[in-house]
Peer 1: 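What follows is a single structure, and I will ask about it in a moment.
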Amino acid sequence: MRGNILIIDDDPLIFRQLEESLKAHNLFHAPDLIGLQQFISKKNIDVVVVDLNLDDHAAEKRLSGLDYIGKVRERHPEVMIMALSKYNQVDWVVQAVKNGAHRYKWKGDLDLDTPEFREQVMLLVKEKRRQDQMRKAHEVEWTGRSIQTTQLCKQLDALAGSRKSFLLTGEPGTGKSYAVRYLHYRSLFYAGSREPVAVDLASMDRARLMDLVSQYTSRKQSFFREANNHILYLKHIDAAPAAFQDAILHMIRHRRLPSSGELLQIQVVLAMDQEPQPLISAQRLRPEFCAELEIVRIAPLRERRQDLYELIPSWLKRQGYLLPVPPQILQAFCRYEYPGNTVELLDLLGQVLNRHQARHPQGEAWKHALISPAALPAELAIGLERQDQGIEYEIACLVLEKIDNALQLFGGSKSEVARHLQLKSADNMKKTYIDKYARLYPGLVRTFPYIMRHYDL
């Protein structure tokens with residue numbers, strides 16, 4: 001595996017030694033932060049090797065090697081960092097790790113041209129590539145073209161950068177745990193394969209929760225300390241006692257444990273299955289949460305059916321299915337209401353795949369055979385359109401897809417859509433296409449979420 005290694009060192013001799021030692025990799029050299037930004041952005045850097053004994057640069061406001069580690073970590077949390085230093089004091093090691101280094105190598109005990117050194121660099125490269133795959137796999141769960149999903153990802157990206165705590169709402173099954181993992185891989189708290197600390201408050205005994213509130217000064221490890229410098233995901237915050245909610249508010253406001261005053265750097269995600277206001281009215285949620293925290297809402301799947309056009313093919317592809325998903329199968333999935341949201345979608349996809357594999361039991365034949373309507377479970381097969389619809393049906397599919405995409409592009413402005421598609425008027429578009437195809441192919445029209453929404457169908 002050939003990695004991309006960036007060396008931040010102002011000593012040309014050290015760079016030449018590293019270049020000789022790490023011939024199996026692509027090496028780049030940056031003496032300052034300006035070069036660092038250029039290389040990391042353009043070269044997909046896996047590992048940054050930082051010399052802690054850099055000379056101060058006036059242009060860089062006299063940054064030390066430790067400062068450089070912090071800057072790399074802050075701007076590019078996914079990159080692996082190795083620190084090189086002629087100092088071997090414990091406090092230097094501790095500070096380098098706190099600033100974000102994954103490895104610390106003492107120059108006095110380090111021969112750059114050894115199998116051991118090359119192996120350690122290779123391990124960092126492999127770990128970076130493994131984490132890239134994990135990050136990509138989790139991001140796939142948010143694949144989608146809908147406005148709701150696009151806005152959700154932007155909101156989570158901003159919160160990942162700011163580290164601010166927030167409220168996460170969404171019906172059961174909408175994928176709140178996926179949202180937290182997406183946040184984790186975008187976060188400045190990103191720490192390798194360490195997952196967010198998740199606690200289901202609804203499953204915890206109330207006496208145990210109150211004990212946690214009163215025992216903040218205890219030496220015992222709690223999930224608060226476990227989540228320090230990371231993400232704490234508290235499910236069903238509305239199920240927690242009022243005193244516990246007050247303690248969480250205190251910790252978010254002051255970034256300290258309420259009793260001991262111990263400093264904590266935690267991004268708290270408070271999750272609930274209902275909208276906040278009804279919970280506040282029922283006195284199950286502190287109103288201060290809504291007043292002080294940003295609210296992130298995950299829309300139910302029935303409101304973002306456009307996502308299915310990417311979610312379904314990407315899921316089947318990850319399972320090994322190699323052909324395009326037939327339009328008839330996508331239509332069947334798009335018509336369904338999904339009371340169980342994403343969880344139910346994944347369950348239905350699993351059923352379809354199992355039925356499809358059973359119909360093609362010979363080896364891996366199922367990977368190269370189109371999924372037929374016979375593989376659909378009963379709840380998806382209801383109202384299935386006939387397979388042979390003719391050229392008029394194909395034209396309807398193309399026209400409706402163009403209108404649906406344009407409605408998304410222009411934020412639902414029907415006049416702009418008509419102008420974009422070079423039609424006479426918005427009324428003409430509705431009468432000639434929407435009303436006509438809604439009458440002829442009601443099952444087809446229901447597969448286009450923006451048409452359904454903006455025409456109240």
Side-chain angles (χ1 to χ4, degrees), residues 1-135 188 190-193:
M1 181 181 296
R2 192 174 184 86
N4 296 321
I5 316 294
L6 177 62
I7 312 298
I8 303 178
D9 198 313
D10 53 7
D11 186 349
L13 179 60
I14 294 294
F15 178 72
R16 284 196 295 270
Q17 291 176 351
L18 288 168
E19 196 173 30
E20 185 67 25
S21 176
L22 301 176
K23 290 180 179 179
H25 303 283
N26 303 316
L27 258 64
F28 307 93
H29 182 223
D32 51 40
L33 275 180
I34 297 175
L36 180 149
Q37 286 296 103
Q38 292 175 346
F39 279 116
I40 290 186
S41 301
K42 297 178 181 179
K43 301 297 183 181
N44 191 23
I45 297 298
D46 298 303
V47 179
V48 175
V49 179
V50 182
D51 180 9
L52 299 188
N53 311 116
L54 289 166
D55 290 336
D56 292 332
H57 295 274
E60 295 296 336
K61 301 181 181 179
R62 302 182 64 81
L63 292 176
S64 69
L66 288 171
D67 294 323
Y68 274 75
I69 291 176
K71 292 291 184 182
V72 173
R73 178 69 171 173
E74 179 180 341
R75 299 179 187 183
H76 305 280
E78 73 282 0
V79 173
M80 309 301 289
I81 303 173
M82 174 183 283
L84 299 180
S85 177
K86 65 182 179 182
Y87 301 113
N88 200 28
Q89 292 93 328
V90 173
D91 56 339
W92 274 76
V93 179
V94 170
Q95 192 58 49
V97 173
K98 282 186 176 181
N99 284 18
H102 299 86
R103 295 285 190 279
Y104 186 100
K105 292 301 173 185
W106 177 42
K107 287 182 179 178
D109 189 38
L110 177 66
D111 185 347
L112 298 178
D113 193 19
T114 63
E116 290 76 16
F117 175 70
R118 286 190 286 271
E119 181 181 358
Q120 293 205 20
V121 172
M122 180 59 78
L123 287 174
L124 289 177
V125 171
K126 288 181 177 180
E127 179 63 16
K128 165 65 163 51
R129 299 292 175 85
R130 184 185 71 83
Q131 292 174 12
D132 286 345
Q133 291 178 352
M134 291 175 62
R135 191 183 306 108
L188 296 179
Y190 178 75
S193 57

Peer 1: Got a second to check how far L22's CG is from M122's CE, nearest 0.5 Å?
Peer 2: 9.0 Å

Peer 1: side-chain contact (heavy atoms from CB on, under 4.5 Å) with R16: which residues, sequence neighbours excluded?
Peer 2: P12, L13

Peer 1: Measure the CG-CG distance between L6 and N26 for me, rounded to the nearest 0.5 Å.
Peer 2: 12.0 Å

Peer 1: Which heavy atom of I7 sits nearest a heavy atom of H29, and at what distance?
Peer 2: O-CD2, 3.4 Å

Peer 1: Work out which heavy atom in V50 is nearest to a heavy atom in I81; give both atom names and the distance.
Peer 2: CG2-CG2, 4.2 Å

Peer 1: Scan for salt bridge (charged side-chain N to carboxylate O under 4.0 Å, His left out) pairs involving residues 114-123, sequence neighbours excluded, and state none if there are none.
Peer 2: D113-R118

Peer 1: Got a sec, which residues hit salt bridge (charged side-chain N to carboxylate O under 4.0 Å, His left out) with E20, two or more places apart in sequence or on another chain?
Peer 2: K23

Peer 1: Got a second to check how far L124's CG is from R103's CZ, nearest 0.5 Å?
Peer 2: 5.0 Å

Peer 1: Has D46 got a side-chain atom pairing as donor or acceptor with N4's backbone, closer than 3.5 angstrom?
Peer 2: yes

Peer 1: Please list, chain by chain and in numerical order, all residues satisfying side chain to side chain donor-acceptor pair (under 3.5 Å) with Q120, sequence neighbours excluded.
Peer 2: K105

Peer 1: Do L18 and F117 come close enough that some side-chain heavy atom pair is under 4.5 Å?
Peer 2: yes

Peer 1: Of the options I5, I45, L123, V47, which is the one that meets M80 in a side-chain contact (heavy atoms from CB on, under 4.5 Å)?
Peer 2: V47

